[in-house]
Amino acid sequence: MASYEWFTSRRNYELEWQKKCLPSQPATNHPLKGITVTEIKQAETKGTPFRSKAPQKADFIDPLSSGDPLSADGAINLAFDGADPLSRFAAEALPATKARSGSEKKISSTSADLDETFEPWNAKKAGILAKYTTSEKLSITTSFLSASDKERVVIKSQAQVTTVTDKVRNRLEQLDDFEEGSVKEMMNLSQQDYVKRIEELNQALITAWEQDQRVKSLKIAIQCSKLLADTSVIMFYPSKFVLITDILDTFGRLVYDRLLEKAQYFPPGSTRPVRLPANFTPADVPESAKETCRNWFFKIASIRELIPRLYVECAILKSYSFLTSGEYADALKRLAWMTRGIGDPLVAVYARCYLSRVGILVAPNIRDHILPCFDDFLATFSQLQSDSVQNVLAAQKMEMPQYLTLFSPALDWILQCLAHRASDATLTATLEKCRQQCNNALLLNSIMSAFQPQFIASRATLFTEMIRECEDQGFPKHLLQQSLGRCLVVAETPEDQKLSVLNEVWKSVVKLKNPGDYITCAEVWIEFVVKHFGKREVNKILADIIKHMTPDRAFEDHYGRLQSIVSKILTHMQDFSQVFSLDKFLPFLDMFQRESIKVEVCKTVLEAFCKYQQEMVNDPVVINAMMFLCKTIHDSVNALTLDDEKRVIASLLSGFIRRVSFGRDFEQQLSFYVEARASFSNLDPVLITLIQSVNSLSMETRRVVKGNHSRKTAAFVRACAAYSFITIPSLQSVYAQLQLYLQSGQVALLNQCFSQADAFFKTAISRIPELPNTLETDGKVRSSEPFLLEYISNFVSTLLVTPDSPEAGVLYLLRGLLNVLQDYTWDPSSDARIIAYVRVLAALSAFSQEEYLYHVDKVDANDAMYGSDPKFLAEVKSTTDTLTNQVLSHLKTLSAPEMEKRKITLAMDFLNTVIAHSDLGNPAMGTLAANLWALIQRSGQADAKLMKRLASYVQSKASSGERGFQSLASQLKLEVGSTV
């Protein structure tokens with residue numbers, strides 16, 4: 001290609017802006033108003049068919065407004081009502097165990113009367129299994145775990161069973177065989193082995209059921225139930241109850257699903273069986289299914305021992321729905337009376353617990369059996385002091401307090417069922433019964449856990465009296481005080497009772513000698529104090545905690561509780577001026593002497609500060625305290641700290657810095673930033689925040705003086721610039737340095753600090769060669785060239801309004817930038833350097849204008865300084881000519897076929913720049929544009945849409961008589977006035 005000169009077009013920016021502005025007119029409707037469809041229906045008259053007017057604006061149909069398969073109207077009905085043959089077919093194809101999940105959904109649907117305040121049993125199981133453990137050896141009695149035991153169980157095949165009578169006899173023989181003791185006791189099992197055996201039993205039950213061995217499944221359920229009569233390792237009993245009842249629940253679901261399958265019927269005129277609907281009634285159940293259901297209950301009724309008979313019938317209680325609609329109430333009452341035959345009080349209370357659990361699941365509206373279960377427990381509570389129980393405890397070396405805690409899960413559940421949606425009068429009656437029959441700490445604790453906290457809070461004084469008067473019998477009273485505190489924290493205590501309750505409770509708490517017992521109570525009650533009292537009371541509680549936890553360094557064993565106390569204080573005391581006015585708050589924090597814990601606590605305080613402190617802070621007490629905590633967190637960062645942790649810490653420190661403001665005292669604000677820089681020098685994000693804050697401070701100064709700096713304010717903004725200039729080099733990231741040098745230079749320029757702006761810009765140019773070829777963003781490594789191109793565009797746009805230094809010469813900053821770009825190590829497979837030249841060409845065209853597009857207030861740019869001086873324009877033209885030929889030379893080098901796409905993309909970018917910024921009236925520029933057009937068209941790889949839009953632009957300019965565009969349109973063979 002031949003050598004070209006660049007000729008810049010003269011532009012009138014104001015005229016161009018006016019041409020681009022469209023005439024405005026008032027809007028009749030809000031442009032963002034939603035489209036509505038209105039349908040007007042006419043009343044139907046006699047003899048006139050129903051009609052409706054066509055909907056207005058029907059051209060827009062929202063695909064999600066109607067026919068949405070996920071909407072309520074379009075929801076898929078999964079009930080087996082006979083309407084969907086595919087659903088029926090899929091359900092029939094599933095085995096009983098696979099369809100179990102469906103039955104679970106049906107069972108849970110019956111619990112619609114239970115609201116979110118009712119904690120389900122599944123939420124309690126994990127806590128029970130974790131709490132009640134043992135290291136003693138356990139035993140299990142079963143005939144389904146070892147090979148020798150399995151050989152004893154003889155199941156006759158279908159070939160051996162010839163008649164119905166033989167089949168019945170065979171099953172009765174198997175039951176008799178079990179009853180006569182064909183089982184084996186496995187001894188010396190660890191807790192882990194015991195749990196494993198229980199899981200094997202569960203799997204054996206499912207496997208036997210899938211193999212149509214119903215009697216074997218029943219025998220497993222009976223054997224599991226018998227295990228609940230064993231209290232040889234009493235500490236493990238609650239966990240054993242959870243494990244065994246899970247197996248019984250599985251058995252109950254299998255039986256129910258089997259009966260549901262047997263209850264299929266043939267609708268009139270259909271050859272396919274249909275399952276019962278979800279809300280079936282006994283009248284819908286075929287007689288054959290009812291007979292099978294009765295057989296199950298008859299088999300269970302023939303079990304000789306009380307405990308397995310009770311548990312297995314409870315397990316299949318839901319199956320009564322196949323027989324009669326009113327059977328639930330009678331069955332639950334009868335089973336509740338049966339529990340009176342269990343002698344061991346612990347076994348009895350868990351049997352009542354299982355009965356209540358099944359009852360609340362299958363018939364949540366029936367509660368008549370729950371109160372008798374509770375009354376029976378009260379009536380038999382005295383048995384805990386009987387010789388038989390005392391002998392068991394002595395044999396197992398268990399103290400009474402530990403034994404009483406075993407009752408808590410079962411008693412809590414029974415009381416939860418009794419208290420759910422109960423009235424205030426129910427609590428009154430329950431408390432009266434407790435006072436008369438069993439004024440025990442265990443029972444009182446369960447009552448407070450079960451009933452609504454508001455009911456407890458309204459009787460706060462009464463409960464403190466009952467706690468003081470109750471017979472603890474080894475159940476620690478501090479647990480009662482904790483339970484009471486939890487209720488009062490979440491509910492509203494009457495105003496006249498708050499102080500008396502606190503005094504009464506704290507009088508007992510301060511007497512606790514064990515630091516663990518003391519701190520658990522203090523952790524609960526500190527929240528009550530913070531919510532309802534002032535800083536005086538909170539300070540007293542903190543002082544008392546320090547007093548109790550300091551001796552023998554007891555605090556080292558309870559860091560978790562102490563951390564919780566800090567969190568609760570900060571949750572409710574969101575004014576940090578009050579927090580740090582507490583004399584004992586910082587001494588309280590000093591108890592966290594383990595480094596890792598101390599850092600976590602400081603982070604907790606800082607997180608609360610960033611979350612709750614919405615107003616700016618200038619209180620020196622708060623600032624000094626927070627600076628101390630921030631310094632602690634900052635100094636914890638080392639080479640082993642994870643990047644995510646560094647980001648979290650930096651975010652917290654930056655949040656604190658942004659919330660400190662001294663108002664119009666800008667010098668004190670800058671002093672704070674200087675101190676923060678000295679304290680937080682290891683984290684780049686924090687230093688970046690400080691630099692940006694100082695730049696904002698400089699701009700705020702400019703706003704206050706309205707751009708007219710005095711000697712004092714001018715010196716201050718120069719000091720701000722010096723702060724940034726000193727701080728930026730300490731950053732590790734060159735990317736961040738470049739951004740901040742440019743930003744700080746712009747701020748200095750706005751404040752008329754010309755020498756400081758020059759220093760920022762020159763340093764930025766000198767740092768470009770140090771920019772790495774790749775940058776890591778969002779965990780991905782990317783090339784840095786796209787960032788550099790964007791940065792160069794912003795930089796030269798800033799240079800447009802930056803006056804040249806009289807000492808350095810014309811365009812010295814731009815020439816320095818071009819020299820750096822020339823020597824920069826570019827990716828040889830990219831055209832980034834030439835793209836940068838094209839963008840500088842566009843900027844140089846703006847430099848050549850008589851008046852620039854934009855200016856900085858009170859700063860004279862080169863247009864005012866040089867006033868279109870020929871020497872200045874000649875310097876600009878010399879640079880543009882050099883860049884133009886650099887671009888063309890590079891295009892010439894892209895001659896290989898594999899580079900054709902790069903060549904066309906670059907040529908398209910250059911052509912757009914030529915058309916937008918050059919003087920097309922000059923023959924040289926018109927020829928250059930025509931040659932570039934021809935080059936792009938010949939390749940056949942140009943974007944057709946872009947070329948079409950470009951041709952339309954040239955035609956429109958030619959039609960309006962723009963200088964040079966008519967000749968260009970002619971050269972490009974475009975018809976002026978036509979639409980391409």
Side-chain angles (χ1 to χ4, degrees), residues 128 131-141 185 187-189 191 194 225-242 244 305-308 310-311 338-355 372-415 433-447 449 466-480 483 513-514 517:
I128 297 173
K131 182 177 180 180
Y132 298 98
T133 59
T134 183
S135 58
E136 296 185 30
K137 296 300 181 181
L138 302 163
S139 63
I140 187 169
T141 304
E185 184 175 12
M187 308 286 289
N188 297 323
L189 296 175
Q191 178 178 320
Y194 189 89
S225 303
K226 292 191 70 175
L227 295 175
L228 291 174
D230 175 26
T231 59
S232 56
V233 184
I234 199 167
M235 187 62 202
F236 186 65
Y237 191 85
S239 293
K240 180 166 69 172
F241 171 80
V242 170
I244 298 298
E305 297 185 35
L306 171 62
I307 290 179
L310 172 68
Y311 271 100
M338 286 172 62
T339 59
R340 297 175 179 176
I342 302 175
D344 191 302
L346 185 65
V347 177
V349 76
Y350 276 95
R352 296 180 181 111
C353 171
Y354 188 62
L355 175 63
C373 285
F374 178 66
D375 291 340
D376 290 345
F377 171 78
L378 294 180
T380 59
F381 190 79
S382 58
Q383 293 180 1
L384 272 63
Q385 302 298 326
S386 64
D387 293 340
S388 59
V389 172
Q390 295 298 327
N391 292 337
V392 170
L393 297 183
Q396 300 196 27
K397 299 178 180 180
M398 177 178 283
E399 299 294 333
M400 180 59 73
Q402 193 177 13
Y403 176 64
L404 288 174
T405 59
L406 302 180
F407 287 79
S408 293
L411 188 56
D412 288 349
W413 180 265
I414 295 171
L415 279 168
K433 289 180 181 178
C434 293
R435 280 190 157 181
Q436 292 178 359
Q437 302 181 40
C438 173
N439 190 19
N440 184 269
L442 168 69
L443 183 57
L444 194 57
N445 187 65
S446 295
I447 289 174
S449 301
M466 292 186 69
I467 291 173
R468 185 177 65 248
E469 298 170 359
C470 72
E471 303 169 3
D472 55 12
Q473 292 185 348
F475 191 90
K477 284 191 176 182
H478 69 84
L479 297 179
L480 299 180
S483 299
K513 302 299 182 183
N514 186 297
D517 296 342

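Position 1 is the first residue of the sequence, and the numbers go up from there.
Scored by the ring-ring contact (aromatic ring centres under 6.0 Å, His included) test, Phe236 finds Tyr194 as partners (sequence neighbours excluded). Ala410 pairs by the side-chain contact (heavy atoms from CB on, under 4.5 Å) definition with Val349, Tyr350, Cys353, not counting sequence neighbours. When the side chain to side chain donor-acceptor pair (under 3.5 Å) test is applied to Tyr403, no partner is found at least two apart in sequence or on another chain. Thr405 meets the side chain to side chain donor-acceptor pair (under 3.5 Å) test with no other residue; sequence neighbours excluded. Remark: Leu479 engages Phe475, Pro476, Gln482 in a side-chain contact (heavy atoms from CB on, under 4.5 Å) (not counting sequence neighbours). By the salt bridge (Lys or Arg N to Asp or Glu O under 4.0 Å) test, Asp344 pairs with no residue at all, sequence neighbours left out. Every side chain to side chain donor-acceptor pair (under 3.5 Å) that Asp376 has, sequence neighbours left out, goes to Arg340. With sequence neighbours excluded, no residue satisfies side chain to side chain donor-acceptor pair (under 3.5 Å) with Ser225. Contacts of Lys131 classified as side-chain contact (heavy atoms from CB on, under 4.5 Å), with partners at least two apart in sequence or in another chain: none.
Here NE2 of His478 is found 7.0 Å from CG of Asn514. Values are rounded to the nearest 0.5 Å. Taking NZ of Lys226 as the start and CG of Leu306 as the end, the distance is 12.0 Å to the nearest 0.5 Å. Distance check, rounded to the nearest 0.5 Å: CG of Leu480 to CD1 of Ile467 gives 5.0 Å. For the atom pair CG (Leu411) and OG (Ser446), the distance works out to 3.5 Å, reported to the nearest 0.5 Å. To the nearest 0.5 Å, the span separating OG1 on Thr339 from CZ on Arg352 amounts to 4.0 Å.
Within the 3.5 Å criterion, the main-chain N or O of Asp387 finds a donor-acceptor partner in the side chain of Asn391. For the pair Lys477 (side chain) and Arg468 (backbone), a donor-acceptor distance under 3.5 Å is present.
The side-chain heavy atoms of Pro409 and Tyr132, taken from C-beta on, include a pair separated by under 4.5 Å. Contact check for Leu404 versus Glu399: no side-chain heavy atoms found under the 4.5 Å cut-off. Side-chain contact check for Cys434 versus Leu444: every heavy-atom pair is 4.5 Å or farther apart. By the 4.5 Å heavy-atom criterion applied to side chains, Ile414 and Phe377 are not counted as neighbours. Leu378 places a side-chain heavy atom less than 4.5 Å from the side chain of Leu443.
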What do the steps show when you test Phe241 against Tyr237 for ring-ring contact (aromatic ring centres under 6.0 Å, His included), and what is the final call? CA-CA 6 Å; Phe241 171 80; Tyr237 191 85; 7.1 Å; no
Taking it one step at a time, do Asp412 and Ser449 satisfy side chain to side chain donor-acceptor pair (under 3.5 Å)? CA-CA 7 Å; Asp412 288 349; Ser449 301; 4.8 Å; no
Side-chain donor-acceptor distances from residues 228-235 under 3.5 Å, at least two apart:
from	atom 1	to	atom 2	distance (Å)
Asp230	OD1	Ser232	N	3.0
Asp230	OD1	Ser232	OG	3.0
Asp230	OD2	Ser232	OG	3.1

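Two rings, from Tyr354 and Tyr311, have their centers less than 6.0 Å apart.
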